[in-house]
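For reference, the structure discussed in these notes is given below.
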Amino acid sequence: MRKLDGVVTKHEQIAEKIFELTIQNENIDASFKPGQFLHLKVGAGMDPLLRRPISICDIDEKTNELKMIYRVEGRGTEVLSKTVYGEKLNVLAPLGNGFPLDEAEQGQTALLVGGGIGVPPLYYVSKELKKRGVNVVHVNGFQTGNSVFYEREFSELGPTFIATVDGTTGTKGFVTDVIEQENLDFDMVFTCGPIPMLKAIEQRYHGKKKVFLSLEQRMGCGIGACFACVCHVQEDPAGASYVKVCSDGPVFPSGEVVL
Amino acid sequence: MRKLDGVVTKHEQIAEKIFELTIQNENIDASFKPGQFLHLKVGAGMDPLLRRPISICDIDEKTNELKMIYRVEGRGTEVLSKTVYGEKLNVLAPLGNGFPLDEAEQGQTALLVGGGIGVPPLYYVSKELKKRGVNVVHVNGFQTGNSVFYEREFSELGPTFIATVDGTTGTKGFVTDVIEQENLDFDMVFTCGPIPMLKAIEQRYHGKKKVFLSLEQRMGCGIGACFACVCHVQEDPAGASYVKVCSDGPVFPSGEVVL
Amino acid sequence: MNRLAVELPGLKLKNPIMPASGCFGFGKEYANFYDLSVLGAIMVKATTIESRFGNPTPRVAETAAGMLNAIGLQNPGLEKVYSEELPWLEQYDVPIIANIAGSKVEDYVVVAEKISTAPNVHALELNISCPNVKEGGIAFGTVPETAAHVTKEVKKVSSVPVYVKLSPNVTDIVSIAKAVEAAGADGLTMINTLLGMRIDLKSRQPILSNGMGGLSGPAVKPVSIRMIYQVSQEVNIPIIGMGGVTKAEDVIEYFLAGASAVAVGTANFVDPTICPDIIEELPGLLDKMKVGHITELIGGSWKTEWVAQS
Amino acid sequence: MNRLAVELPGLKLKNPIMPASGCFGFGKEYANFYDLSVLGAIMVKATTIESRFGNPTPRVAETAAGMLNAIGLQNPGLEKVYSEELPWLEQYDVPIIANIAGSKVEDYVVVAEKISTAPNVHALELNISCPNVKEGGIAFGTVPETAAHVTKEVKKVSSVPVYVKLSPNVTDIVSIAKAVEAAGADGLTMINTLLGMRIDLKSRQPILSNGMGGLSGPAVKPVSIRMIYQVSQEVNIPIIGMGGVTKAEDVIEYFLAGASAVAVGTANFVDPTICPDIIEELPGLLDKMKVGHITELIGGSWKTEWVAQS
Ligand SMILES: Cc1cc2nc3c(=O)[nH]c(=O)nc-3n(C[C@H](O)[C@H](O)[C@H](O)COP(=O)(O)OP(=O)(O)OC[C@H]3O[C@@H](n4cnc5c(N)ncnc54)[C@H](O)[C@@H]3O)c2cc1C
Ligand SMILES: Cc1cc2nc3c(=O)[nH]c(=O)nc-3n(C[C@H](O)[C@H](O)[C@H](O)COP(=O)(O)OP(=O)(O)OC[C@H]3O[C@@H](n4cnc5c(N)ncnc54)[C@H](O)[C@@H]3O)c2cc1C
Ligand SMILES: Cc1cc2nc3c(=O)[nH]c(=O)nc-3n(C[C@H](O)[C@H](O)[C@H](O)COP(=O)(O)O)c2cc1C
Ligand SMILES: Cc1cc2nc3c(=O)[nH]c(=O)nc-3n(C[C@H](O)[C@H](O)[C@H](O)COP(=O)(O)O)c2cc1C
Ligand code: FES
Ligand code: FES
C-alpha cells in the first residue's frame with residue numbers, strides 16, 4: 001500500500017462511456033493482485049475532493065504498467081476522462097485483499113461472472129487463473145450492446161458469454177439466465193458487479209460451490225480508517241460486528257457479508 | 001463584452017514567475033482596446049471559483065490573437081500557468097474602458113509608466129499611440145532584474161528606461177526616480193501599477209500634465225454588478241458616490257478616484 | 001403546457017429560476033449578455049432608505065468552492081431605485097422581487113411601503129440576515145421574536161406578498177421559520193450567507209477590510225439543502241431556495257429538498273449566462289427523470305408518494 | 001530551538017499538527033504510510049461505553065470542496081479501546097487525545113474516568129457536537145448550560161486536562177465557549193462538522209442513509225476561522241483549530257485567527273501523508289514570514305503588536 005504517481009501511457013474510449021486507462025510507475029509489479037483496487041485522485045484541486053476507487057484490470061510486470069477500465073458516471077470520472085497522455089495520476093495502491101486465486105486448483109473450472117463496471121477486475125483474475133492451469137468460463141452482463149467491452153479479450157482466455165438487459169448483444173436477460181440456459185459447469189465462482197447480481201449468485205450457489213464476491217461501497221479513505229465502507233456480517237446482522245469493504249474486502253466469500 | 005472560449009496558441013515563461021499567454025478566437029479584433037481587460041476562468045471546476053482579471057497586452061487583428069502577460073501570484077495564476085497549447089480558456093472580454101488614446105495628438109509625447117504586472121497593458125497602448133504618430137517614452141519598474149520582461153519589445157517602440165528596486169537591472173530605485181534623473185519631457189502620462197506608484201505619479205503631475213491611471217481591485221463579477229471593486233471619488237471622499245474599477249475603469253484620469 | 005411554470009404568492013413565474021439579490025445589481029449588466037425576459041424573476045439588490053456606499057474594499061475574498069463578501073448593502077437608496085432602477089426594468093417581461101434592508105424596523109417599513117407600489121415589483125424579500133452591516137441585518141434574523149416583529153410590521157404596509165430571507169447562522173432555523181410564518185410571511189427565501197473569514201498571510205489581517213463576510217457559492221449548498229429540508233416539512237408557505245446553485249441538477253436537488261423556486265447568486269459572477277443556461281437545461285433533465293412538471297418534485301425527498309424504480 | 005513546539009494543558013507537542021478525531025481511526029492504517037511519532041499528537045476516534053456499529057451506509061457523500069459524513073460514532077467500545085487500541089499506540093512517542101462521546105452525561109463521565117487513566121492519553125476531547133447520533137451528541141453542544149454541565153461533570157473525574165469540542169451549528173459560539181470555560185474546560189477544539197445534506201437525483205432521497213450528515217473539508221474553513229477569531233478574543237483557554245486544513249498556509253491562517261494548534265481531518269483521506277507533509281513545510285513557511293517561533297503567530301490577526309511591512 002503506497003501513494004504513487006502513475007504516468008498515463010494510454011487512454012482511450014472503448015465503449016459508450018467506457019474508458020481504458022493505462023498508467024506506469026516503477027512500483028507497479030506482480031505484487032498488485034487481481035481484485036485489488038486503486039484509490040485515485042482526480043484533478044488537481046479540491047473539487048472533486050475525495051479519491052475514486054477503481055479496480056485493477058490488468059498488470060504488465062515487464063513495463064510496470066497498470067490498466068483500469070472505468071465508466072463515466074458522475075463528476076469525478078467525467079474529469080478523469082479528460083486526462084491526457086503524459087499526465088500524472090496520484091493513486092493509493094494496491095488496496096484491499098483481492099480474489100483468493102489459490103482456492104482454484106489446476107484443472108478445475110472457475111466461473112467468472114461480471115456485471116457492468118464489475119467486469120474489469122475479472123480480466124486480471126482470469127489471466128492469472130489461466131496461467132495456473134485453471135479453466136476459465138466468463139459470463140459478463142451489461143445494460144445494452146453499446147456498453148459491452150473486452151469480449152474479445154475474455155474470449156482469448158476461455159469461453160465467454162454476454163448477457164444484455166435489452167438483448168442487443170448476446171443473451172437477453174441477466175447473467176444468471178445465461179448460466180442456467182448454457183448449463184454451465186464449474187467448481188467455483190468469482191464475481192463482481194451490482195448488489196442484486198451478487199445476491200442472486202450468492203442465493204443460487206452458496207453452500208454448493210465456492211463463491212467469492214467483490215463488493216462496491218462509497219468510500220472515504222480507502223484504507224480502513226474512516227469507517228465509511230462498513231458492512232454488517234451475516235453472523236451478527238444487526239450487531240456491532242462489521243467488515244470494511246476497503247481493507248477487509250472488497251472480496252469476501254459468500255455467506256460472510258450482509259449484502 | 002462577450003463570453004468566449006480562447007484557444008491557447010502560445011504559452012511560455014518569459015521571466016521569473018512571468019508568463020506570456022496567447023489565445024485565439026474569431027471575435028478577437030481591433031474592438032479590443034488598450035487598457036481593457038479580460039475576466040478569465042481558471043481551471044474547469046469550482047476551485048478556484050472566481051474569474052481572474054488580466055489586462056490585454058496585445059492584439060493581433062490578422063490572426064485574431066490576444067496576448068496577455070501575467071505573474072504567478074496565488075492559486076489561480078498557478079493553475080493557469082499549467083495550461084497547455086490547444087486548451088480552451090473561457091474569458092469575458094473586452095471589459096472596462098481602456099486608455100483614452102485620443103487625448104494624445106500626433107507629434108506629442110506620451111510617457112508610459114508601468115510597475116510590475118502593470119507593465120503589460122502599456123505595451124498595447126504604446127503600439128497604438130505609435131501608430132497614431134505619438135512619441136512614446138517608457139519607464140518600467142520591477143522588483144529585481146529576474147522579473148524584468150519586454151525590455152526589447154518596448155525599446156522597439158521608443159526610448160525605454162528600467163528601474164529595479166534592488167538595482168540589479170537599470171536604475172536602482174523607483175520609476176519616479178528615473179523620470180527625474182533622466183529629466184524626461186512629455187505631454188501626458190499613461191500609467192498602470194501598484195497603488196503607491198500611482199499615488200506618486202498623481203501627486204507629481206496632476207494638474208500639470210494629463211494623467212491617466214489604471215487601477216487594480218479585487219473583483220467579483222468584473223462587469224459592474226457585484227459592487228466588489230468600488231472606489232470613493234475625490235469629490236466626495238467619504239460619501240456614497242463611487243466608481244467601479246471594472247466597468248467605470250480600470251482607467252481613470254488623475255484627480256478622480258481616491259487612491 | 002409549460003413544464004417549468006411555478007405559481008407562488010404574488011409571482012407567476014414562467015420558470016423557477018431567478019438571480020439572487022446582490023448578485024445581479026439591477027440587471028443592467030446582465031442585459032448585455034441576454035434578454036432578461038427569459039428569467040423567472042429578478043431579485044434586485046438590497047434597497048435601504050438612504051443611499052449607502054457600503055464597506056471599504058477589499059470586499060470579496062475567494063474560498064474553496066466559495067467566496068466571502070462584505071459589500072455592506074451598497075445601493076443608491078430608495079428614491080433612486082424607485083424612480084430609476086425599477087422603471088428601467090419595466091422594459092422586460094419579468095416580475096421583480098425587491099430586497100429590502102434597514103437598521104431598524106421603521107426603515108424596513110418605510111422602504112416596503114413605497115417600493116411595493118412599483119408596478120413591476122410583485123413581491124418583497126425582507127433581508128433580515130445580512131451579515132455585513134453593523135446594525136440591524138443579521139441581528140433581526142437570528143431571534144424568532146425580532147424576526148416575527150419586523151415581518152408583521154412590513155406585512156401591514158406592503159401592497160405585495162412578503163418573503164422573508166432567513167439567516168443560516170442560527171442554532172434552530174425551524175423556529176425562526178415558524179415565527180415568521182406565524183407573523184404573516186407569504187414565503188421564505190433561504191439561505192443568506194454563512195458568516196466566515198479569511199486571513200491574509202502577508203498582512204496577517206483578515207482579507208476583507210470588514211473582517212468577517214458572508215460565505216456563498218457551491219461550498220454552502222449542503223447547508224442550505226439541509227435547512228430547506230428541515231424547514232419545508234414544518235411550514236406551509238413556499239420556499240425559494242438558494243446557495244451554490246451552478247447547474248440544472250442543483251435546481252432539482254433544491255426542489256427535492258422542498259424548495260418551490262431557486263435563486264442563483266455567486267454563479268452569475270463565474271458565468272454571466274448561467275441563469276438562461278440552467279433554464280434551457282431543465283426540460284431535458286426533467287425528461288431524463290421522467291417528470292412531467294417541475295412542481296412534482298417539490299419536497300420529493302420527504303414526501304412519500306414516489307418510489308424509485310431500480 | 002524547536003520552532004514548532006507548542007505547550008498546551010496536558011500536552012507537550014513537538015509540533016502543533018495532529019490528525020482530527022474520526023479521520024485517523026486509532027492510527028494503524030496511517031502507520032503503514034509513516035512513523036506516527038512525527039505527529040504532534042493524535043486525536044483518536046470517538047469512544048463510547050459500548051461498542052457501536054454506527055449508521056447504515058452510505059455514510060459519506062461528496063460536496064463541493066467538502067464531504068458529508070454520518071458515520072454515527074462507530075467504535076469498538078471503551079473496554080477494547082482501553083485494552084487494545086491505546087496500548088498499541090504506546091509504541092509511538094506521541095501523546096493521545098481521547099475523543100469521548102455518549103448519549104447522557106453519565107456516559108461521558110464513565111468513559112472519561114477510565115480512559116483518562118491510560119498512560120498515553122494526555123488529554124480528553126469532549127465530543128458534545130457530533131451531528132450524527134440521535135441522542136446526545138450535538139444536543140449537548142448547542143446550549144450553553146448543558147455544555148457547561150457535561151464539562152463540569154467530566155472535569156470532576158478526569159485525570160487529564162479536558163478540551164471541549166464545539167459545534168458550529170449555533171447562533172452564538174462565543175456564549176457556548178465562555179460557558180464551558182467557566183465550567184472548567186482546559187481548552188477548546190473547534191470546529192466539529194456543519195450539519196448538511198445532499199439529495200440523490202436518481203433515488204430522490206438523501207444520499208446519506210441517515211439523511212443529514214456533517215460537512216467537513218476545505219469548504220468549511222472560512223466558517224471555522226471566523227469562529228476561532230471570535231472565540232479566541234473572548235476566552236483565556238487555548239484552542240485547537242480544525243476544519244479544511246490541507247496545507248501549511250492553512251495552519252498559519254488558523255494560528256493568526258487565534259488557534260494554538262491545528263488538527264487535520266478530511267485531508268487525511270485525500271492524502272494519507274498530509275500531516276507529515278505539513279509538518280515538513282512549516283519551518284520554510286515561518287522563514288518566509290520571518291517568524292522565529294510558530295507561537296508568535298497565535299491570534300496575530302487581532303493582537304496589535306505586529307505591523308505589516310510593505
Ligand atoms: C472497490 C471498488 C472498485 C471499483 N472499480 C471500478 C472499476 O474498475 N471501474 C469503474 O468504472 N468503477 C469502479 N468502481 C465504481 C467507481 O468507484 C465509481 O463509479 C466512481 O467512484 C464514481 O465517481 P464519479 O465521480 O464519477 O461519480 P459521483 O456520483 O459524482 O461520485 C460522488 C461520490 O460517490 C462515490 N461513488 C459513486 N458511485 C460509486 C460506486 N459505484 N462505488 C463506490 N463509490 C461510488 C464516488 O467515489 C464519490 O465519492 C469501483 C468501486 C469500488 C468500491
Ligand atoms: C483590471 C486588472 C488588470 C490586471 N491585469 C493583470 C495583468 O495583466 N497581469 C497580471 O499578472 N496581473 C494582472 N492583474 C492582477 C491579477 O488579477 C492578480 O494577480 C490575480 O487575480 C491573482 O490571482 P491568483 O489566483 O494568482 O492569486 P490569489 O491571491 O490566490 O487570488 C485570490 C483572489 O484575489 C484576487 N486578487 C489577488 N490579487 C489581486 C490583484 N492584484 N488584483 C485584483 N485581484 C486580485 C484574485 O482575483 C482572486 O479572486 C490585474 C488586475 C486587475 C484588477
Ligand atoms: C456579492 C454578494 C452580494 C450580496 N448581496 C445581498 C443583498 O444585498 N441582499 C441579500 O438578501 N442577499 C445578498 N447576498 C446573498 C445572496 O442573495 C444569496 O443569498 C447567497 O449568496 C447564496 O447564494 P449563492 O451561493 O448562489 O451565491 C449577496 C451575495 C453576494 C455573493
Ligand atoms: C469521517 C469523519 C468522522 C468523524 N468522526 C468524528 C468523531 O468521531 N469525533 C469527533 O469529535 N469528530 C469527528 N469528526 C469531525 C472531525 O474531527 C473534524 O472536526 C471535522 O471533520 C473538521 O475538520 P476537517 O475539515 O479537517 O475534516 C469526523 C469527521 C469525519 C470527516
Ligand atoms: S473507506 Fe475508509 S474505512 Fe473503508
Ligand atoms: S467586480 Fe463586480 S462590480 Fe466590479
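Proteins come first, then strands; the chains are lettered A, B, ... in the order of their sequence lines, and each starts at number 1.
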(message) With heavy-atom distances below 4.5 Å as the criterion, would you say the side chains of D/R59 and D/S209 are in contact?
(response) no
(request) Would you check if C/P16 and C/V262 make a side-chain contact, meaning some heavy-atom pair closer than 4.5 Å? (result) no
(message) Is any side-chain heavy atom of C/P19 closer than 4.5 Å to one of C/V264?
(response) no
(message) How about CD on C/E280, more than 12 heavy atoms from neighbouring residues, nucleotides or ligands closer than 6.0 Å, or not?
(response) no
(message) Under a 4.0 Å threshold between the charged nitrogen and the carboxylate oxygen, would C/K247 count as salt-bridged to C/E281?
(response) no
(message) Applying a heavy-atom distance below 4.5 Å, give me the residues of residues 217-226 of chain C that approach chain D, sorted by number.
(response) C/P218, C/A219, C/P222, C/V223, C/I225, C/R226
(request) Among D/V170, D/T63, D/L285, single out the residue with the greatest number of heavy-atom pairs under 4.5 Å to chain C. (result) D/V170
(request) Select, from D/G244, D/G211, D/A61, D/A65, the one with the greatest count of heavy-atom pairs under 4.5 Å involving chain C. (result) D/A65
(request) Please tell me if the side chains of C/P168 and C/I173 come closer than 4.5 Å, counting only heavy atoms from C-beta onward. (result) no
(message) Please identify, among D/G66, D/P206, D/G196, D/A257, the residue contributing the most non-hydrogen atom pairs under 4.5 Å to chain C.
(response) D/G196
(request) Sort C/L297 into side chain, backbone, both or neither according to what part of it lies under 4.5 angstrom from a heavy atom of chain D. (result) side chain
(message) Among D/I191, D/I240, D/T189, exactly one meets side chain to side chain contact (heavy atoms under 4.5 Å, CB included) together with D/K165. Which residue is that?
(response) D/T189
(request) Compare all side-chain heavy atoms of C/L73 with those of C/N127 and state whether any distance is below 4.5 angstrom. (result) yes
(request) Go through the atoms of C/L256 and report whether side chain, backbone, both or neither lie under 4.5 Å from a heavy atom of chain D. (result) both
